[in-house]
Amino acid sequence: MPKRSEHRRRGKNRLDDDDIEWLDTTAPEDLDGPPSGDRWSTWDLSTPSERGPQPHPGWLVTELAAVDTELGVLKTGKEADVHLISRGVPDTDRVCLLAAKRYRSAEHRLFHRDAGYLEGRGVRDSRISRAMSSRSRFGKEMIAGQWANAEFAALCRLWSLGVPVPYPVQIVGTEILEEFVGSPDGFAAPRLAAVSEGLAELWEQLVDAMVVLAREGLAHGDLSPYNILVHEGRLVIIDLPQIVDVVAHPTGPEFLDRDARNVATWFTARGLAAADGESLAGLLRAEAGVG
């Protein structure tokens with residue numbers, strides 16, 4: 001496999017007395033760019049602590065010769081957009097699909113929910129704390145970094161606990177790369193909100209996942225049928241930047257209650273009598289030890 005440095009473009013540079021062959025003056029290519037695709041794999045740009053839990057799954061392409069190719073946008077949001085990326089080694093069958101969650105730039109970002117969620121997260125540097133509170137450009141950049149790092153850390157922690165979340169591949173700045181949940185040809189799994197079959201089994205899976213979270217003293221913080229995917233009968237929870245420590249947060253138990261009621265109301269409206277928001281909220285509080 002050629003090394004990155006071997007992909008450099010070579011122009012003519014021979015000069016003699018009787019003939020001159022001019023250097024190639026066509027538009028130069030990126031001397032360090034990949035032979036195909038949009039960029040080299042960013043795997044080596046992340047430190048070990050910025051990569052997902054080991055052992056890394058077999059489907060994940062970690063070779064340094066791999067190339068990332070942008071395939072389109074999966075989802076747009078107020079704080080971040082999610083893109084579909086193919087990461088593969090050219091001229092081999094080593095390829096995987098990844099979801100790249102990219103938090104928006106300071107000019108376009110709208111962190112409309114951050115005040116309540118950030119209340120339980122301390123920032124030691126008073127200058128940064130003031131900037132975040134005033135929502136200055138610098139403050140928004142700090143908030144973006146905090147959200148991205150919080151989500152990546154949550155994904156790593158929950159994956160290790162066995163909670164159904166996408167495998168967190170790596171984080172580079174404010175871009176999180178994670179397992180793509182969908183078909184091999186790039187069709188994303190539907191959200192729970194679009195599913196009408198197998199609801200009893202999905203409810204049981206969801207309760208089990210929420211109980212594991214509560215035992216760890218955590219709440220999703222914004223759980224709804226729109227940030228839960230269903231892939232081949234398996235429930236997958238996504239969008240975790242606002243995950244809440246229900247013990248440290250001054251109103252932590254309220255996040256448990258809200259998550260429970262949000263999902264139970266949806267299941268109840270579709271005829272699932274077992275979905276009782278009040279009972280689930282009580283169970284989660286008990287598991288979290290917050291009464």
Side-chain angles (χ1 to χ4, degrees), residues 49-53 75 77-82 99-104 109-123 132 142-171 173-179 181 191-192 205-229 235-264 277 280-281 283-290:
S49 64
E50 294 170 331
R51 296 172 182 165
K75 177 184 175 183
K78 292 183 175 65
E79 293 94 14
D81 297 328
V82 182
K101 186 169 186 177
R102 296 167 182 164
Y103 282 89
R104 291 174 175 269
R109 190 180 302 121
L110 294 172
F111 284 100
H112 67 298
R113 300 171 299 173
D114 60 1
Y117 298 105
L118 292 175
E119 188 174 355
R121 299 177 187 172
V123 178
M132 290 169 63
M142 293 301 99
I143 291 173
Q146 192 172 78
W147 281 73
N149 283 298
E151 178 162 23
F152 186 73
L155 285 168
C156 291
R157 182 177 178 182
L158 298 185
W159 172 270
S160 298
L161 289 170
V163 177
V165 297
Y167 177 77
V169 173
Q170 65 180 116
I171 182 171
T174 56
E175 177 186 80
I176 299 173
L177 286 167
E178 57 191 69
E179 172 188 5
V181 182
R191 296 181 176 92
L192 175 61
Q205 291 183 39
L206 182 55
V207 171
D208 289 345
M210 294 176 74
V211 165
V212 174
L213 279 169
R215 285 175 182 167
E216 290 294 306
L218 302 173
H220 182 284
D222 192 35
L223 195 60
S224 80
Y226 294 94
N227 47 33
I228 299 171
L229 304 179
L235 177 149
V236 182
I237 299 172
I238 60 172
D239 292 340
L240 290 151
Q242 68 290 309
I243 194 165
V244 176
D245 183 326
V246 299
V247 177
H249 197 286
T251 59
E254 296 178 12
F255 286 96
L256 288 174
D257 297 345
R258 187 170 68 180
D259 283 352
R261 290 167 184 152
N262 280 350
V263 294
L280 178 57
L283 172 63
L284 298 180
R285 281 180 174 245
E287 294 289 347
V290 293

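- Taking all atoms of both residues into account, the shortest heavy-atom contact from Ala148 to Gly173 is CB-O, 4.3 Å.
- Residue Leu223 holds its CG atom at 6.0 Å from CG of Leu206, rounded to the nearest 0.5 Å.
- Distance check: Asp259 CG to Leu213 CG gives 8.5 Å after rounding to the nearest 0.5 Å.
- If you run side chain to side chain contact (heavy atoms under 4.5 Å, CB included) between Val163 and each of Val212, Leu155, Asp208, Val236, only Val212 comes through.
- Heavy atoms only, all atoms of each residue included: Ala288 and Val247 are closest at O-CG2, 4.5 Å.
- Side-chain N or O atoms of Glu179 include none that pairs as donor or acceptor with a backbone N or O of Pro168 at under 3.5 Å.
- Put simply, CZ on Arg258 and OG on Ser224 are 10.5 Å apart, with the number rounded to the nearest 0.5 Å.
- A donor-acceptor contact shorter than 3.5 Å links the side chain of Asn227 to the backbone of Asp222.
- Taking CG of Leu177 as the start and CD of Glu50 as the end, the distance is 12.0 Å to the nearest 0.5 Å.
- Gln146 places none of its side-chain heavy atoms less than 4.5 Å from the side chain of Glu151.
- Proximity of Leu192 to Leu229: side-chain heavy atoms (C-beta onward) are nowhere separated by under 4.5 Å.
- Considering every non-hydrogen atom in both Val244 and Gly252, the closest pair reads CG1-CA, 4.5 Å.
- No donor-acceptor distance shorter than 3.5 angstrom exists from the side chain of Glu178 to the backbone of Tyr167, with no hydrogens or angles considered.
- Looking only at distances, no side-chain donor or acceptor of Tyr103 sits under 3.5 Å from a matching main-chain atom of Ile176.
- A salt bridge is defined here as a Lys NZ or Arg NE, NH1 or NH2 lying under 4.0 Å from an Asp or Glu carboxylate O, and Asp81 with Lys101 fails to meet this definition.
- Using bins of under 30°, 30° to 60° and over 60° for the plane-to-plane angle, the ring pair His249/Phe255 lands in the perpendicular bin.
- In the displayed structure, Glu175 atom CD is contacted under 6.0 Å by more than 12 heavy atoms of other residues, nucleotides or ligands.
- Between atom CD of residue Glu287 and atom CG of residue Leu218 there is a gap of 13.0 Å, rounded to the nearest 0.5 Å.
- To the nearest 0.5 Å, atoms SG (Cys156) and CG (Leu240) are separated by 11.0 Å.
- A donor-acceptor pair is defined here as one N or O able to donate and one able to accept, closer than 3.5 Å; such a pair exists between the side chain of His220 and the backbone of Asp239.
- Of all non-hydrogen atoms in Ala260 and Leu284, the two that sit nearest each other are CB-CD1, 4.1 Å.
- Closest heavy-atom contact between Ile228 and Ile238: N-CG1, 4.4 Å.
- Using a 4.5 Å heavy-atom threshold, the side chains of Val263 and Met210 count as touching.
- Leu235 and Pro164 make their closest contact through O-CB, 3.1 Å (heavy atoms, listed as atom of the first residue, atom of the second, distance).
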Applying side-chain contact (heavy atoms from CB on, under 4.5 Å) to Ile171 and Arg51, what does each step give before you reach the verdict?
CA-CA 7 Å; Ile171 182 171; Arg51 296 172 182 165; over 6 Å; no
